[in-house]
Visitor: 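One structure follows; several queries about it will come next.
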Amino acid sequence: MQTTSAPLATIASLAAHEGQTITLRGWLYNLRASGKLLFPIFRDGTGTIQGIVPKAAVSEEVFETLKNLTLESSLIVTGKVRADARAPSGFELDVEGVEVIQKVPEDTPFPIQLKEAGVDFLMEHRHLWLRTPRQSAILRVRATIMRAAAEYFDTNGFTRTDPPILTPNACEGTSELFEMDYFDDDKAYLTQSGQLYIEATALALGKVYSFGPTFRAEKSKTRRHLTEFWMIEPEVAFLELEGLLELAEGFITHIVTTVLAQHRSDLKVIGRDTEKLEAVVAPTPTTNNSSVILSEAQSAQSKDPEGSGPANAAPNLSATKPASGAANKFPRLSYDEAHAMLEDAFAKGLIETRHKDGDDFGSPDETYISSQFDKPVMIHRYPSAIKAFYMQPDPIDPSRALCVDVLAPEGYGEIIGGSQRVDSYDLLKSRIEAHDLPLAAFQWYLDLRKYGSVPHSGFGMGIERAVAWICGLDHVRETIPFARTLNRIYP
RNA sequence: UCCUGAGUAGCUCAAUGGCAGAGCAUUCGGCUGUUAACCGAAGGGUUGUAGGUUCGAGUCCUACCUCAGGAGCCA
């Protein structure tokens with residue numbers, strides 16, 4: 001077998017090798033046989049292609065080797081690339097030679113079947129499940145989402161400053177944190193957010209972001225929760241809430257645009273309806289929709305360039321607009337407007353439980369609200385009482401926090417949570433005390449308000465929820481190579 | 001922590017309280033254009049665990065274990 005004489009190629013690049021004899025290195029994904037004609041399907045990590053092996057066209061050895069080969073055996077195959085209308089990808093491989101690297105034993109066949117399988121079984125075999133085309137496609141899209149997210153900040157003047165993963169204590173209690181011994185008598189906790197630390201780096205560097213894993217020991221068992229997940233968090237000095245909303249719009253728009261540009265075929269394998277994603281990044285039409293008018297009024301305020309003081313002097317934020325110049329506005333609702341929408345829906349019998357004014361929104365509430373729009377919806381100014389201690393009160397109504405939750409469309413729920421931060425030393429100190437948090441542990445955080453405090457804002461986006469939404473998945477466990485959930489830490 | 005549901009062949013699932021079954025996978029045989037191929041045959045079982053009711057339990061009862069979906073909480 002002269003399998004190494006032909007040039008190496010990947011399946012994804014076969015269109016460029018039509019008519020040539022090439023070598024592929026990969027695995028046997030499936031095998032069909034029809035008498036003296038074999039149809040092996042090869043995969044190599046970049047895609048799959050069907051090979052054609054007529055008994056009369058190859059040596060007895062090659063035919064028998066392939067005929068008896070087991071699924072997921074590793075191999076090197078040589079063949080000629082030929083366009084064929086019958087092939088899903090448009091190309092087939094006329095096999096000329098094959099070299100088996102390792103044959104999967106017949107008595108221990110590859111456990112992941114092409115037919116249906118249950119969640120428990122698949123998760124128990126996650127290390128092998130990853131080989132299936134759909135799972136591979138999801139991981140490729142995830143990689144692009146992570147790259148595009150970092151790229152958006154990298155090209156807009158942000159400096160990446162990653163916070164520690166081991167932290168001395170919680171920012172909001174320790175019950176949701178993973179605890180571990182830290183030498184002698186100390187305890188350490190796995191971070192649940194780098195926010196407090198990047199507030200410090202933002203005041204050092206202006207515009208910063210962090211990107212890394214975070215951990216929550218919440219006993220949540222839902223399609224939206226992992227105990228270990230990745231979060232990307234920007235934090236910007238001299239940025240107020242309205243600017244933060246624009247930042248989130250530009251950020252999400254860039255990510256979705258990039259995925260649509262680079263992963264059409266992967267999204268097709270995953271089964272994603274890309275029209276829903278096109279709608280997200282479509283330039284905002286001028287309409288009479290009240291929430292759009294509201295958002296334009298607000299952004300007009302915040303865009304006032306040298307206007308009302310240092311608070312609006314966020315540097316270069318115009319650079320975060322889409323390069324095309326076309327504005328992509330997401331609908332914006334205040335907490336009160338969202339509550340009114342839910343009241344209306346309850347009155348019409350569209351939701352089962354009535355939302356109580358002053359309470360946070362539940363999952364069914366978020367699902368209803370986001371289903372009213374084809375773009376992500378931004379809900380701002382929640383009651384301070386149900387939000388974190390570090391959120392700046394709205395000067396117009398101090399009972400409201402200058403915060404925002406971004407809900408993904410199609411019922412995917414919250415993917416971004418952010419706020420303008422308290423910048424007054426005295427207010428922050430009283431908030432820490434009111435929340436019964438240990439003042440000593442927050443001394444460094446209070447220092448940030450003592451030495452040149454400025455208005456500043458930031459948000460965090462959970463990568464897995466964003467991937468689940470963009471890929472149209474029904475559970476975040478498929479968005480990360482090895483999901484960590486309440487009941488599973490294997491493999 | 002609470003609510004709901006599910007555990008039967010390697011996988012996905014059937015089985016009125018009365019003989020433990022099918023499809024896929026595996027093995028063997030057939031088929032020169034198959035698209036999760038198809039056709040024929042074979043092997044494959046401590047019905048999650050421990051008790052209980054009954055002439056008889058996969059099926060009914062109790063406890064426990066495991067998993068799933070949801071609530072709360074969050075990204």
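Chain A is the first sequence line, chain B the second, and so forth, proteins listed ahead of strands; every chain is numbered from 1.
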Visitor: Looking at B:rU35, B:rC74, B:rC11, which one has an atom nearest to any side-chain atom of A:E218?
Guide: B:rC74
Visitor: So what does A:I52 hit on the nucleic acid, given a heavy-atom distance under 4.0 Å: a base, only sugar-phosphate, or nothing?
Guide: base
Visitor: In this structure, how many angstroms lie between the P atom of B:rG69 and the NZ atom of A:K219, rounded?
Guide: 17 Å
Visitor: Measuring from the side chain of A:D360 (C-beta onward, heavy atoms only), which nucleotide among B:rC74, B:rG70, B:rG33 has the closest atom?
Guide: B:rC74
Visitor: Ignoring hydrogens and geometry beyond distance, is a side-chain donor-acceptor pair present between A:T485 and A:H225 at under 3.5 Å?
Guide: no
Visitor: List in numerical order all residues of residues 466-487 of chain A for which some heavy atom is under 4.0 Å away from an atom belonging to RNA chain B.
Guide: A:H475, A:R477, A:N487
Visitor: Which base, if any, makes a Watson-Crick or G-U wobble pair with B:rC67, both distances under 3.5 Å?
Guide: B:rG5
Visitor: Please evaluate residues A:Y390 and A:Y445 with respect to the criterion ring pair (Phe, Tyr, Trp, His ring centres under 6.0 Å), reporting the C-alpha separation (whole Å), side-chain torsions for both, the decisive distance (0.1 Å), and the verdict.
Guide: CA-CA 10 Å; A:Y390 49 72; A:Y445 187 59; 7.2 Å; no
Visitor: Go ahead and name the base partner of B:rA25; Watson-Crick or wobble counts if both distances stay under 3.5 Å, otherwise write none.
Guide: none
Visitor: In this structure, how many angstroms lie between the P atom of B:rG33 and the CG atom of A:D84, rounded?
Guide: 13 Å
Visitor: Taking N or O atoms only and anything under 3.5 Å, show me the protein contacts with nucleotides 21-32 of chain B, one pair per line.
Guide:
unit_1: B:rC24; atom_1: O2'; unit_2: A:Q113; atom_2: OE1; d: 3.0
unit_1: B:rC24; atom_1: O2; unit_2: A:Q113; atom_2: OE1; d: 3.4
unit_1: B:rC24; atom_1: O2; unit_2: A:Q113; atom_2: NE2; d: 3.4
unit_1: B:rC31; atom_1: N3; unit_2: A:G35; atom_2: N; d: 3.0
unit_1: B:rU32; atom_1: OP2; unit_2: A:K36; atom_2: N; d: 3.3
unit_1: B:rU32; atom_1: O4'; unit_2: A:S34; atom_2: O; d: 3.3

Visitor: Once you measure the plane-to-plane angle for A:F215 and A:F178, does it fall in the parallel (<30°), tilted (30-60°) or perpendicular (>60°) bin?
Guide: perpendicular
Visitor: Assign A:M461 to base, sugar-phosphate, or nothing according to its heavy-atom contacts below 4.0 angstrom with the strands shown.
Guide: nothing
Visitor: Does B:rG17 have a Watson-Crick or wobble partner in any strand here, with both distances under 3.5 angstrom, and which is it?
Guide: none
Visitor: Are OP1 or OP2 of B:rC74 and a side-chain N or O of A:R223 less than 4.0 angstrom apart?
Guide: no
Visitor: Assess whether side-chain hydrogen bond (donor to acceptor under 3.5 Å, both in side chains) is satisfied between A:S419 and A:R421, documenting all intermediate values.
Guide: CA-CA 6 Å; A:S419 73; A:R421 323 301 191 187; 2.7 Å; yes
Visitor: Using atom CG of A:D94 as one end and atom P of B:rG33 as the other, report the distance to the nearest whole Å.
Guide: 15 Å
Visitor: Apply side-chain hydrogen bond (donor to acceptor under 3.5 Å, both in side chains) to residues A:D44 and A:T46 and explain how you reach the verdict.
Guide: CA-CA 6 Å; A:D44 72 344; A:T46 72; 2.7 Å; yes
Visitor: Is the distance from OP1 or OP2 of B:rA75 to the nearest side-chain N or O of A:R465 less than 4.0 Å?
Guide: no
Visitor: In the strands shown, is B:rC73 matched to any nucleotide by a Watson-Crick or G-U wobble pair with both distances under 3.5 Å, and which?
Guide: none
Visitor: Quote, to the nearest angstrom, the P distance that separates B:rU47 from B:rC28.
Guide: 30 Å
Visitor: Take atom CE of A:M123 and atom P of B:rU12, then tell me their distance rounded to the nearest Å.
Guide: 14 Å
Visitor: Would you sort out whether A:Y209 and A:D154 count as a side-chain hydrogen bond (donor to acceptor under 3.5 Å, both in side chains), showing the intermediate values?
Guide: CA-CA 9 Å; A:Y209 75 101; A:D154 288 338; 2.7 Å; yes
Visitor: Can you tell me the base-pairing partner of B:rA50? Count Watson-Crick or G-U wobble geometry only, both distances below 3.5 Å, and say none if there is no partner.
Guide: B:rU62
Visitor: Flag as yes if A:F39 stacks onto the base of B:rG33 (centroids under 5.5 Å, planes under 30°), otherwise no.
Guide: no
Visitor: What is the distance from CG of A:D120 to P of B:rG7, rounded to the nearest Å?
Guide: 13 Å
Visitor: Quote, to the nearest angstrom, the P distance that separates B:rA68 from B:rC31.
Guide: 47 Å
Visitor: Dump the intermediate steps for side-chain hydrogen bond (donor to acceptor under 3.5 Å, both in side chains) on A:H254 and A:E151, then the final yes or no.
Guide: CA-CA 9 Å; A:H254 176 70; A:E151 174 181 85; 2.8 Å; yes
Visitor: On a whole-Å scale, what distance lies between the P atoms belonging to B:rC65 and B:rA42?
Guide: 43 Å
Visitor: Just how far, in rounded Å, is C1' of B:rU66 from CZ of A:F121?
Guide: 16 Å
Visitor: For the side chain of A:H225, starting at C-beta, report the closest nucleotide among B:rG69, B:rC74, B:rA36.
Guide: B:rC74
Visitor: Check this for me: does the side-chain of A:S220 come within 3.5 Å of the base of B:rC73 through a donor and an acceptor?
Guide: yes
Visitor: Mapping A:I463 and A:V119 onto RNA chain B by nearest heavy atom, which one lands closer to the 5' end?
Guide: A:V119
Visitor: The side chain of A:R32 is closest to which nucleotide in this list: B:rA68, B:rA36, B:rC74?
Guide: B:rA36
Visitor: Taking it one step at a time, do A:Y335 and A:H380 satisfy ring pair (Phe, Tyr, Trp, His ring centres under 6.0 Å)?
Guide: CA-CA 6 Å; A:Y335 173 88; A:H380 53 85; over 10 Å; no
Visitor: NA contact type, A:L226, heavy-atom cut-off 4.0 Å: base, sugar-phosphate, or nothing?
Guide: base
Visitor: Cation over ring, A:K375 on A:F330, under 6.0 Å and within 45°?
Guide: no
Visitor: Do other residues, nucleotides or ligands put more than 12 heavy atoms under 6.0 Å from A:R354 CZ?
Guide: no
Visitor: By the 4.0 Å heavy-atom rule, please label A:Q50 as base, sugar-phosphate, or nothing.
Guide: base
Visitor: If I pick the C1' atom on B:rU16 and the same atom on B:rU35, what distance separates them, to the nearest angstrom?
Guide: 42 Å
Visitor: Between B:rC74 and B:rC64, how far apart are the two P atoms, rounded to whole Å?
Guide: 31 Å
Visitor: May I ask you to say what A:E92 touches in the nucleic acid, namely base, sugar-phosphate or nothing, with a heavy-atom cut-off under 4.0 Å?
Guide: base
Visitor: For the C1' atoms, the ones on B:rG52 and on B:rG56, what distance do you get once it is rounded to whole angstrom?
Guide: 15 Å
Visitor: Within the structure shown, what part of the strands sits under 4.0 Å from A:R224 by heavy-atom distance: base, sugar-phosphate, or nothing?
Guide: base
Visitor: Would you mind reading off the distance between A:I112 atom CD1 and B:rG10 atom C1', rounded to a whole angstrom?
Guide: 11 Å
Visitor: Looking just at side-chain N and O atoms, do A:R224 and A:S363 make a donor-acceptor pair shorter than 3.5 Å?
Guide: yes
Visitor: Classify the side-chain pair A:N328/A:T253 by whether it contains a donor and acceptor separated by less than 3.5 Å.
Guide: yes
Visitor: Please measure how far the P atom in B:rC11 lies from the corresponding atom in B:rU46, and state the result in whole Å.
Guide: 13 Å
Visitor: Return the nucleotide paired to B:rU35: Watson-Crick means purine N1 to pyrimidine N3 with N6-O4 or O6-N4, wobble means G-U with N1-O2 and O6-N3, both under 3.5 Å.
Guide: none
Visitor: How long is the line joining CG of A:D405 and C1' of B:rC74, in whole Å?
Guide: 10 Å
Visitor: Got a sec? Which of residues 130-148 of chain A come in under 4.0 Å of RNA chain B, heavy atoms?
Guide: none
Visitor: Answer with yes or no whether the side chains of A:E199 and A:H456 bring together a donor and an acceptor at under 3.5 Å.
Guide: yes
Visitor: Among side-chain atoms of A:E240 and A:S457, is any donor-acceptor pair under 3.5 angstrom?
Guide: no
Visitor: Inspect the surroundings of CZ in A:R25 and state if more than 12 heavy atoms from other residues, nucleotides or ligands are less than 6.0 Å away.
Guide: no
